Amino acid sequence: DILEARQLASNRGSGWAQNDFFNMTAWQLLAVVEYASFDFQSVLSEGITNLDWGDNNHSQNTGHTSSLGNSSGEVVISTLENGAAGDDETYACSYRGIENPYGNIRSFTDGVYIKDDGYYIESDPSNWNSDGAGYTHIPTAPINSDGYIDDIDHLTEFDYHFLGDSTGGSSSTYLCDYQYSHDSGEVNILLLGGLWADGSRAGLFYSYLYGDVGYSGRYLGSRIEYVN
């Protein structure tokens, strides 16, 4: 779950942490400026999103885009790994050296909780906890409807994110990606990107705000970061 993944990341030593919400929104903003698009499955890569759901962890191994260095692009995987089935090939992608920023596996994104009365955010990993106590509270009413994002929950003190305030879009309009929205009455965590079987729902803005801190599964993973 997200707490175990957080601990594994911090075990590497000072400065190491699980990928956080503030880092991820920076990627998103930079990518939008560079590509002048929200539809990254069209302008960058379909990603590893076209495989069967299956019954195990069918994500593809890390490292397929190493040959790209810090460039953006796509590498075709013609021999599927880890028992995956579906199409004959799939597509590892990279944005500026960040491998599979969407697709392949849903990624825990730390430093944020979603509650009925708004978002709770914390940029300092040393202050992360299991319920958002002491985090900065952004008061609003997160939506509960699932669907393709067509409007962003823009707030004065929270104007850099891409979490949806409306889900009336499609895979080719507005943000082009899907949001599983807040579960009323729960303290939800955030997962981003989508997984190997999410198809057009996946993308740089795909958001899953439905699980709690104990949420775990074969389709969940994490990404490590170093903050100096």
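Quick caveat, the model's predicted, so the values are computed rather than measured. FYI, side chains are in, hydrogens and waters are out, and symmetry mates aren't considered; it's all heavy atoms of this structure.
- A distance of 13.5 Å separates CG in L209 from OH in Y113, rounded to the nearest 0.5 Å.
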Using the ring pair (Phe, Tyr, Trp, His ring centres under 6.0 Å) rule, take F38 and F205 through it: C-alpha gap first, then chi angles, then the decisive distance, then the call.
CA-CA 8 Å; F38 291 114; F205 310 104; 5.7 Å; yes

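- Residues satisfying the side-chain hydrogen bond (donor to acceptor under 3.5 Å, both in side chains) criterion with D110, sequence neighbours excluded, are R6, Q18.
- Side-chain atoms of D116 do not come within 3.5 Å of backbone N or O of S184 as any donor-acceptor pair.
- Side chain of E4 to main chain of D1: a donor-acceptor pair is present (N/O by atom type, distance under 3.5 Å, no hydrogens or angles).
- Panel note: side chain R106, backbone L220; no donor-acceptor pair is recorded below 3.5 Å.
- Listed by first and then second residue, the ring-ring contact (aromatic ring centres under 6.0 Å, His included) pairs involving residues 1-21 are W16-Y226, F21-F158 (not counting sequence neighbours).
- Judged as a ring pair (Phe, Tyr, Trp, His ring centres under 6.0 Å), and not counting sequence neighbours, Y174 has no contacts.
- Sorted by first and then second residue, the side chain to side chain donor-acceptor pair (under 3.5 Å) pairs with a member in residues 125-136 read D124-S126; sequence neighbours excluded.
- Interatomic distance, CD1 of I2 versus CD1 of I189, reported as 4.5 Å (0.5 Å rounding).
- Cluster annotation: I224 is not connected to Y102 through the hydrophobic network of ILVMFWY side chains, with a link wherever side-chain heavy atoms come within less than 4.5 Å.
- The line from CD1 of I105 to CG of N57 is 4.5 Å long, rounded to the nearest 0.5 Å.
- Considering every non-hydrogen atom in both G169 and D150, the closest pair reads N-CB, 3.6 Å.
- Both F22 and I98 are members of a single hydrophobic cluster when ILVMFWY side chains are connected at heavy-atom separations under 4.5 Å.
- No donor-acceptor pair under 3.5 Å is formed between the side chain of T140 and the backbone N or O of P142.
- N50 and T90 make their closest contact through OD1-OG1, 2.6 Å (heavy atoms, listed as atom of the first residue, atom of the second, distance).
- The closest donor-acceptor contact from the side chain of N104 to the backbone of Q60 lies under 3.5 Å.
- The distance from the OG atom of S94 to the CG atom of N70 is 7.5 Å, given to the nearest 0.5 Å.
- A donor-acceptor contact shorter than 3.5 Å links the side chain of T109 to the backbone of S107.
- Atoms NE2 and CG, from H161 and L190 in turn, are 11.0 Å apart once rounded to the nearest 0.5 Å.
- Minimum heavy-atom separation, A202 to G194: CB-CA, 4.3 Å.
- Side-chain N or O atoms of H137 include one that pairs as donor or acceptor with a backbone N or O of D117 at under 3.5 Å.
- Within the model, atoms CG of L204 and SG of C176 stand 11.5 Å from one another, a figure rounded to the nearest 0.5 Å.
- Between L51 and H58, the closest heavy-atom pair is CD1-O, 4.1 Å.
- The ring pair (Phe, Tyr, Trp, His ring centres under 6.0 Å) test applied to Y178 returns Y148, Y180, not counting sequence neighbours.
- When the options F108, W196, Y208, W53 are evaluated for a ring-ring contact (aromatic ring centres under 6.0 Å, His included) with Y219, the one that passes is W53.
- Here the shortest heavy-atom pairing between A92 and N100 reads CA-OD1, 3.5 Å.
- Note on residues 28-37: pairs passing side chain to side chain donor-acceptor pair (under 3.5 Å), not counting sequence neighbours, are E34-Y95, E34-R96.
- Within the 3.5 Å criterion, the main-chain N or O of S78 finds no donor-acceptor partner in the side chain of E89.
- Side-chain atoms of Q179 do not come within 3.5 Å of backbone N or O of D146 as any donor-acceptor pair.
- Annotation: D159, atom CG; neighbour count of heavy atoms from other residues, nucleotides and ligands within 6.0 Å is above 12.
- Of the candidates I149, L191, L195, D198, D198 is the only one forming a side chain to side chain contact (heavy atoms under 4.5 Å, CB included) with Y206.
- Side-chain atoms of R223 never come within 3.5 Å of backbone atoms of D20 as a donor-acceptor pair (strictly under, hydrogens ignored).
- The minimum heavy-atom distance between G73 and L68, with the atom names listed, is C-CD1, 3.7 Å.
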